[in-house]
Every structure is written in structure tokens, then in C-alpha cells.
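Reckoned from all heavy atoms, side chains included, excluding hydrogens, waters and symmetry mates.
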Amino acid sequence: MARKTTRSKTLKTTRKKTAKAAAPAPQNQQLTGAEALIKCLEAHGVEYIWGLSGGAAIPIFDALVGSKIKLILVRHEQGAAHIADGYARATGKPGVVLVTSGPGATNTVTGIMTAQMDSVPMIVLTGQTISPMLGKDAFQESDIFGITMPVVKHSYLVKKTNDIPRIVKEAFHISNTGRPGPVLIDLPKDITSAPFSGDSLDPKMDLPGFNPPDKGKVSDIKRIAKLFNASKRPLLLVGHGAIISRASEAVKKLAKKMHCPVTNTLLGKGCFPETDPLSLGMLGMHGTAYANKALTRCDLICSIGSRFDDRINGNNAEFCIGAKKIHIDIDPAEMGKIVQCDATAVGDARLILEELIKHVKPLDTKDWLKELDFYKKEYPLKFSDDKGLTAQRVLYDLQQITKGKAIIATDVGQHQMWAAQFNLTLKGEKWLSSGGAGTMGYGFPAAIGAQFGCPKDLVVAVVGDGGFQMTLFELSTIFIHKLPVKIVVIDNKYLGMVRQWQELFFDNRLSGVDLEGNPDFVKLAEAYGVKGFHINKVAHCHERLAEALKYKGPALIHAEVIKEDNVFPMIPAGKSAYQMIIEPPSKDQKLEKPTGST
Amino acid sequence: METKNNIHTISLFVANKPGVLIRCAQVFARRGFNIDSLVVSPAVNPKFSRMTITAQGDPDTLEQIIKQSAKLIDVVHAEEHSEEETITREFALLKVKHTPSALTKIKKMLPIYNARIADQSDKVVVIEQAGTSGELDSFEKEMKPFGIIEMVRSGKLVMAKGVEET
């Protein structure tokens, strides 16, 4: 996968000297814009670039020859973006994508939007037609700067070769400072081909409007502590922001000091270990019944890096009625966006919690924890083997084998919710899932990115038969790079989540959900050189899963599960936690159509 | 500033960089705010620009819009301004039909409305006027009977009173 040559090493040193000497150097020894770009990426510690080449990006691909950055050729640009996303979530470092102009660039849009919705740092480099042809409908010209504007944290259209180092430096700073997000850099071919004559590859940044907060105001934090100290039934709600700010230890200390139960969002999984007795697991639409019960009963809820989104707060008017509400977030725009809070602190979650711990008292929550234990016993997550192999059985067995030690990347749909329920996550970096965007096709490439970033970890992609088929061509990528990613395809031959809604709320009028005629996934894997395993019975599920996970190379586990199964508990979209459906409704029970967002 | 019809005046101090205008406009458009007028001009330091935007929409959404605008990398600060704290002015050009007798009447009105003739030809006269939006509205009403052929207004310009930064 590396492209190292000794020749290029000598070339690089001469080029570096030339760059410092700048203008007077002869043309052939001068850096091009593309070479300056790659040097800057190297200086930012970039290990990998995931991309797909094309005409407008050739100068950049050319500059990668001999670079210490490993270029990984994907099969589709969406794959590159999700791989970079998975790498970023697993390592905390921005993932870098390099694609060409036009369709190459537009194919990354879903991946960029996915990263933006979930606050994932990413740098997307797009080739562009030559500057004089901009706006003239040149071959493979697309206004990617304009197209992506609503889904990036920031973006650049480079107009001068000498601006490249500053823009790259700013892009890295922006993408991973404050609330992270994707930054796009559109690079016209004449700009990357032209000689670089700037003074420095490490110039000053020019970002007068970008000053994200770090530690919160002590007065705000004291106000929060006061509310906690008066609470009898407090609840911590941990989101992705807590993981991004590496606040895990602080959350643990805070929870333990106050004897306060903790629930987490889908993306907050693992920040507080889900095996801890104080953990209630995931809350929300398909969260645990006890987490949602806690939501209805708490007298204080404190969100740490979550944005009260509509999967956990379907009906804002009825959200935690009577409870004091606290919001800790680094993004001031999240304050009051959905929930009006009694106290807020804007800043880095870890720094705020470290200060908050000093001001809170141990609380007497015995009765509260006893009540929650009752809910845990009364309404546990459960499934039955009666009708045959279920997704829950597969995911339960997966948890029994991996015990929270593997990195799990999920796709989107029923399997994602079951995985969230049954995989007890111990660390935030070990759970990758597209939450805000709900991007089908995310899981498998995200797992690839995680495996690149964490080569020693066991990485498992849990995907559905629908979503997997959207990005499965990256099987080539794991085969070529010998990445031991394990793919568990939960195959129910349906787009199961939509089928569930149609069954429950639309009189079982199935429309556009039948995936009958799926390929033979084992043969498909083997066609790509990936080892295939097949599971279709409860009896051999655990054993075959264990065998497949032990396999040294890349492997696909095709789990054929019962076709019609529904995820419960469920809070229908637009409803409140108290309206949660815990048990499957009887056949003749009529449920009204959900009014909330999707 | 919350006035009739939920019209708000928002001032943005932005880095003078490509794309900043459309990024700001998108923040409004995505949330269903209709921009009534928008003025962009260089600040004292030419690296920055000032934008004054008047827009219609519900006040709850407005708070989000200001925060989301401020969050944009190139926006240094974003603020809503009330009429009491600011000097608000507009500029207008009106092309009005005239006859000799009408012209005499028009000319009499000009000083009252802080307006003057910018150009005069046989059949039409172009009048310029600076003032508050209310003054411009009133003058427009006065001119209507003569026959306004064209009108263009600059949109609101806003500056904070006293030492406070706009």
C-alpha cells in the first residue's frame, strides 16, 4: 500500500531546500502547488489519504508518488469519505479524502453530510477544472464549493497557489477545533500545477471569526452544581460531544461522586461504560425501557455534549416535564435550539466537568437507583429464539464473544438499533454509527477506516443487507490491503426498519422494502477474495461467529435471520418517553401514524 | 428588534472572503426566513465587511439564525439591533413623471423630506432621498399621485449609537 522509493526521498530534500530559498530557484526544482499541498499534509501528520483519481486531480496524485503518506485507492468516492470518517471517529484525527472534480466530488457529498451531522473532523480535497474555465461548464466541472456549502463546517476554493499552505493549516485547525466537522478544499488544476513561490509552508492563519470556547465560565458551572446539589433524581445524558472532548474519565468521576445514573445517546455509547451498574444504556426511540422511564421520572437532566435531537426528544413540550434541565456543549448555537434549559455552560465538556466535580456534593440517590433497578428487572431487553435465528441473537452472541473490546461500526436501520441495544460499549472510540444523517452504506467503509487507524483492534462492521449493498465494493479495498475487518451482514431480505413502520403504522401495506433476490453474500465475498461464513441457525450461531472472528484475514459473516421482526422498545416519532411501546402490540391493535420527523 | 410583521434587522461583521455572503444567506434561507434587504460594504479595515440584513420570520427562529450566523467561520460577530440603540437610515432613488405644474409642487415637498433632484429631463425627474425607512415610505406616498415609474431603495444601514460597536 505504501509507495516509497529512495529516489523520491532525495528529491524531497532538494525540494524542501528549494522551497525555503523560494523565488530564485530554477523552475524544475521548484515545488508545484500540489507538492506543497502534500508537504503540508505530511507536516500535519497525515498517514493515509483515501481517494479516487481523475483528470483534474492528477497533479495531486502525482505529488503523492514517493510521499510517506499512504494513498489508498477506493472503489467509489462515497467509500473514501466514510472510511475517512471511520478513521477519524476511531482515532480522533481528521480523515483525509482526495477525489477529482465533477462526479468525483459530488460522490463525496453524502459522506461529508454524514460527518457534518455527527461532528466528525475530515478534510476533503477535490480537484477542479482550471481557473479560467470555472463557470463555463468545462468537462467534469461541478461547483462543489457551492454544492457542499450547507454540509461543511467550512470550505475553500483555492485561487492562488501560494495560499495552499495557509488554507491547509486553517482547514486542519477548523476541522478539529471546537465542534469538529468536515472542511472541503477545492483545488483547480492550474493552481496545483503552478509553481509554489511562497515564503513558508507553515504560514500564519487568518481566522478572525473563529474563536471556539474552551473552558466554560466558572459562574455557569457553579450554577449547574447548585441544581445538582438540590436534586434527588438526577440523570446524566451523555452524547457524542463528551466522547469528542475525551471526557470519559470526568463523566465517570462525576457520576460516581454523585451516585448519579447515566444514559447515553446512540453516539454517546461507551463514554460511560454500559456495563457499569449506574449505566442505563441508550435512551430514545429504540433505547432501553429503563432509560426512557428514567427520562420521565428524573428531577434533573444534564446533557453533556448531546443536542437533544428528535430521536431522544420526540415531543419537546413534554420532554422531562418538571425536571431541571442543564446543557453543557461547546457549540453556543445548541443552547436553546431545542430545549430551554435552567442552566447552561458553553465550552469543552471535559474541562467543564473537571471543574463541576469540584462543586458538586455526593447525593443521596438510594431510592432513585432502587427505582431504576426495578425498571431494569421489570423491563429488560429481551428476545426469543422460538421463531428461528434473530438479529438480536446474532448481536447478543457477538457481544458475548467480543465483550465490548472490539470496535463496532454499524450501518443504519433495525440492525443498528439492535446492535446499540445489545452491544455493551466500554469506550466511545469503539462505537461508530451514523446517527444524525442515518446514512445507509456507512457501516462497512467506516469499519475499514477504523481498521486503518487501529490495525491491532478487532473491527466488526454490523450491517444490514440493504445498506451493505450500497458500499460493498470496498470489499476490494479490504482484500488488497489485507485488512482483517469482519463484516456481519444481518440479512432479513427487507429494508427492515421501514417495513416495521409499514407494519405498525400503515396497516402492513409493504411498499418499496422487499429485498428478495439478494445475492449469495458468501459467494460475493469470495469473489472479492474475502472469506465467507454462513449462519442461519441459533444452534451454531455462537460457534460460527467465534470462528469467523478468529479468522486472520478479512471475513464476511452472512447471518440469515427471520424476515419479520420489529425493534422494541419504541417511542413512535413525535411521541414522548411515557408513550413508549415496550411490548409488541397485538395484531388488532391500531397505532396512529407518527407525526414526528421521520 | 421585533416590530410589526416580525421584521428584524441583523448586522454581521464578517471577514471579507469569497462565499461569505452566500453562507450567511443560506443560514436565513434554510430556516424559512425571507431576506427583505441586504447591504454589504467594506469596513474601515478592508479585510472585513459589514452586512446589514432585514428579514421577516418568527422571533424564536431568529435567535437560532443569529447564533448559526455567528458560528460561521468567516463571521466575526452577529447581532440584532433595536431601533432605539441605533441610527438606521435608507437611501432611495425615485423616477417620477412631471408636468411643469407638477414639478413646482414636487419641488416644494423636497426639503420637507430631505430629498433633492438628482436628474431632470423633459418628462421625468429622478429624486434622491436619504432618511429613516418611515420617511422614505411617506415620501413615496406623496409622490405616488404624480406617477412613480421606478424606485430603488438601498435597504437599511445601521450603526450603533455611542461608543458601542455595531
Side-chain angles (χ1 to χ4, degrees), chain A residues 116 119 131 134-135 143-160 163 166-167 170-175 177-186 188 204-213 307 316 327 329-340 344 346, chain B residues 2 8 10-35 38 40-53 55 57-80 165-166:
Chain A
Q116 169 78 346
S119 311
S131 313
L134 282 172
D143 176 13
I144 198 66
F145 181 70
I147 289 170
T148 55
M149 223 174 241
V151 294
V152 293
K153 185 172 179 188
H154 197 54
S155 50
Y156 294 90
L157 169 59
V158 185
K159 289 178 175 169
K160 288 183 201 146
D163 285 345
R166 175 183 55 80
I167 287 172
E170 289 178 2
F172 274 87
H173 177 65
I174 291 166
S175 87
T177 308
R179 182 176 183 170
V183 178
L184 180 133
I185 307 175
D186 199 17
K204 267 194 188 157
M205 294 192 287
D206 177 27
L207 296 170
F210 184 60
N211 304 298
R307 55 187 171 84
N316 198 30
H327 200 174
D329 204 291
I330 200 158
D331 182 356
E334 288 300 339
M335 298 301 151
K337 185 180 89 177
I338 307 286
V339 172
Q340 293 300 329
T344 59
V346 178
Chain B
E2 196 188 327
H8 311 276
I10 298 118
S11 125
L12 302 172
F13 188 62
V14 305
N16 188 5
K17 293 196 180 168
V20 61
L21 173 61
I22 187 158
R23 280 185 222 273
C24 293
Q26 275 180 354
V27 169
F28 285 76
R30 182 176 167 194
R31 291 166 181 82
F33 262 53
N34 197 15
I35 292 178
L38 189 155
V40 189
S41 61
V44 180
N45 178 345
K47 282 178 74 182
F48 298 95
S49 297
R50 276 193 191 282
M51 285 186 198
T52 310
I53 300 175
D58 77 277
D60 289 342
T61 315
L62 178 75
E63 193 190 325
Q64 255 303 297
I65 285 181
I66 292 172
K67 284 178 176 174
Q68 294 292 346
S69 302
K71 192 167 135 181
L72 293 170
I73 307 295
D74 289 336
V75 173
V76 181
H77 65 245
E79 242 167 291
E80 190 190 15
E165 203 184 344
T166 308

Q: Regarding A:D331 and B:K67, does a basic nitrogen lie under 4.0 Å from an acidic carboxylate oxygen?
A: no
Q: Out of curiosity, A:E170 CD to B:I73 CD1, how far, rounded to the nearest 0.5 Å?
A: 9.5 Å
Q: Contact part of B:F13 toward chain A, heavy-atom cut-off under 4.5 Å: side chain, backbone, both or neither?
A: neither
Q: Where does A:V183 contact chain B at under 4.5 Å (heavy atoms): side chain, backbone, both or neither?
A: neither
Q: Can you check whether A:K159 reaches B:P18 side chain to side chain, under 4.5 Å on heavy atoms?
A: yes
Q: Would you compute the distance between atom CG of B:L72 and atom CZ of A:F210 and round it to the nearest 0.5 angstrom?
A: 11.5 Å
Q: When rounded to the nearest 0.5 angstrom, what is the spacing between CD in B:Q64 and CD1 in A:I338?
A: 7.5 Å
Q: Supply the atom-to-atom distance A:M149 CE to B:Q26 CD, rounded to the nearest 0.5 angstrom.
A: 6.0 Å
Q: Side chain from CB out, backbone as N, CA, C, O: work out which of these in A:P332 comes under 4.5 Å of a heavy atom of chain B, or both, or neither.
A: backbone
Q: Quick check: do B:K47 and A:P208 have side-chain heavy atoms less than 4.5 Å from each other?
A: no
Q: Rounded to the nearest 0.5 Å, how far does CD of B:Q68 lie from CD of A:E334?
A: 7.0 Å
Q: Of all heavy-atom pairs between A:M335 and B:E63, which one has the smallest distance, and what is that distance?
A: O-OE2, 4.3 Å
